[in-house]
Amino acid sequence: MTSSIIVLGAGMVGTCTALHLQQRGLDVVLVDRRAPGQETSFGNAGLIQREAVEPYAFPHEPGFLLNAALGRGAEVNWHARGLWQMAGSLWRYFNHSRPQPHARATEAYSRLIAHATDEHAVLMTAAGAHDLVKQEGFRLVFRTPRALDEALQRASALHDRFGVLYHAENSTQLAQAEPALQLPLAGAVHWLDPWAVHDPGALVQRYADLFVARGGRFLTGDATSLQSQGAGWSVQTSEGRVEAEQAVLALGPWADALIRTLGYRFPLFVKRGYHQHYRSAAQLRQPLLDAERGYVLAPMQRGLRLTTGAEFAPIDAPPTPVQLVKAEALARELLDLGEPLPEPPWLGARPCTADMLPVMGPAPHHKGLWFNFGHAHQGFTLGPVAGRLLAEMVHGEPSRVDARPYLPQRFM
Ligand SMILES: Cc1cc2nc3c(=O)[nH]c(=O)nc-3n(C[C@H](O)[C@H](O)[C@H](O)COP(=O)(O)OP(=O)(O)OC[C@H]3O[C@@H](n4cnc5c(N)ncnc54)[C@H](O)[C@@H]3O)c2cc1C
């Protein structure tokens, strides 16, 4: 079987890349070992984070670092093997998170994030998926007045510089907005631009259905069977070997293992995260981040979803959901969480880069091979704009967003 381009990985990023390539007239085959949207893009908090103009930096505060090192709190967990394996990338991440390099990364990132909701809106309309989304923002809630004040100053600065919208809520306004909260809190920053999806995996599946309805082919196959073949690429699928002139790697947290076999050593690492659903009697209206404790509660189709912060561990290490246990206890202080659904905790991995910017563009040493991965904390948000940017590069069009900060070449 032949096509003009193979997209490997049908998460949010790969599926949107396939749609945008198809829109430019290419014959696209989308390949995954599972159904579309069953991995990282399935288990996240479902936020389309238009407000996330700054990439997620490595916190430098001594108190945070001490707590993380001692395994206190719910925000961070680590495996010694994970820290050892990722030490080089984490050190670079730490350095890139200093104010100056972080400000440079923010310059680029904010230009990408600016298109997040607009690009999703186009695909949602075409896919008939608006029923999966609420466009009412989400909240950072604060337990102490000092942390609230600091967050409000930061929100005001981001509003002035990037135009992102928010409401400042005091304790009473927050209690009125979210009557299910049983603990008096100091207040909230209610970001107004983000959208909340109550079944993230279903949104990817709808986008994949749109791709198929428009004539695209989705096939089950293993990306590790990728081979250069003549002037192009081929991969083994359930329907035999597929050959194409070009291929895109959109394997999220699994990209690193594959590009290593091709000789690339990029500073990539993962931040693992867990989720659990609860049959909560108390209904939240919008998702919230318990900002001083580091976990998210998001109303989902299956119940209230609690997602955890970062676990530095190898992607394939056995689950150690200690953060989930701690976050559940903290969430029970806020509201009547109810019983967890009788299912094992979900475990996923945010695909991160040391400089906090995704890797999008041509593979430096392989003709016809393209990379689209490393979208870290906001891959669900960025999928459509990332797919568009990559398709523009493949097609040789001027890109809507300056692609230079994302080119893989920067790590060579
Ligand atoms: C707890 C948590 C909460 C998060 N919350 C948010 C949020 O609220 N908003 C947000 O924007 N982002 C969030 N993220 C980040 C976001 O989920 C990821 O950045 C995003 O899902 C990455 O998408 P992707 O398509 O690159 O990767 P994936 O969705 O993981 O897709 C990669 C695909 O590659 C396939 N694959 C892998 N190996 C092979 C192989 N050998 N052969 C064939 N196929 C293969 C997989 O099956 C998978 O379908 C969160 C992440 C976590 C862990």
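Side chains included, hydrogens not; waters and symmetry mates left out as well; all remaining heavy atoms used. When a ligand or atom number is given, it counts from 1 through the structure's own listing order.
Considering backbone and side-chain N/O atoms, Asn44 comes within less than 3.5 Å of an N/O atom of ligand 1. Annotation: Thr308 places no N or O atom under 3.5 Å from an N or O atom of ligand 1; distance criterion only. Ligand 1 has no nitrogen or oxygen under 3.5 angstrom from a nitrogen or oxygen of Gly348. Residue contacts with ligand 1: Gly9 is placed with no nitrogen or oxygen under 3.5 Å of a nitrogen or oxygen of the ligand (distance criterion only).
Residue Pro253 approaches ligand 1 through these ligand atoms, each under 4.0 Å from one of its heavy atoms: 30 (O). With ligand atoms numbered from 1 in the order given, ligand 1 contributes 8 (O) to contacts under 4.0 Å with heavy atoms of Gly46. Each of the atoms 40 (C), 41 (N), 42 (N) of ligand 1 lies under 4.0 Å from some heavy atom of Asp222. In the vicinity of Asp32, heavy-atom distances shorter than 4.0 Å reach the ligand 1 atoms 33 (C), 34 (O), 35 (C), 43 (C), 44 (N), 46 (C), 47 (O), 48 (C), 49 (O). Those atoms of ligand 1 that come under 4.0 Å of a heavy atom in Trp254, given as number and element, are 30 (O), 37 (C), 38 (N). When each atom of ligand 1 is checked for a heavy atom of Thr381 under 4.0 Å away, the hits are 9 (N), 10 (C), 11 (O). Residue Pro351 has at least one heavy-atom neighbour below 4.0 Å for each of these atoms of ligand 1: 19 (O).
Between Gln378 and ligand 1 there is a heavy-atom distance shorter than 4.0 Å. At least one heavy atom of His377 sits less than 4.0 Å from an atom of ligand 1. The shortest separation from a heavy atom of Gly221 to ligand 1 is under 4.0 Å, placing the residue in contact.
When hydrogens are left out, the protein atom nearest atom 15 (C) of ligand 1 is Ala376 O, 3.2 Å; that is the closest non-hydrogen contact. If you check which protein heavy atom lies closest to atom 27 (O) of ligand 1, you get Gly252 CA, 3.5 Å.
The side-chain tip of Arg33 points at the ring of Trp254 from less than 6.0 angstrom away and within 45° of straight on.
Between His275 and Trp346, the ring planes lie parallel to each other; the angle is under 30°, not in the 30° to 60° tilted range.
Applying the side-chain contact (heavy atoms from CB on, under 4.5 Å) rule to Arg98 yields the partners His60, Asn95, Pro101; only residues at least two apart in sequence or on another chain are considered.
When the heavy-atom distances from atom 45 (C) of ligand 1 to Leu249, Val13, Leu251 are ranked, the shortest goes to Leu251.
Pairs engaging residues 278-333 under the ring-ring contact (aromatic ring centres under 6.0 Å, His included) rule: none recorded [sequence neighbours left out].
With 3.5 Å as the limit, one finds a donor-acceptor pair spanning the side chains of His277 and Glu343.
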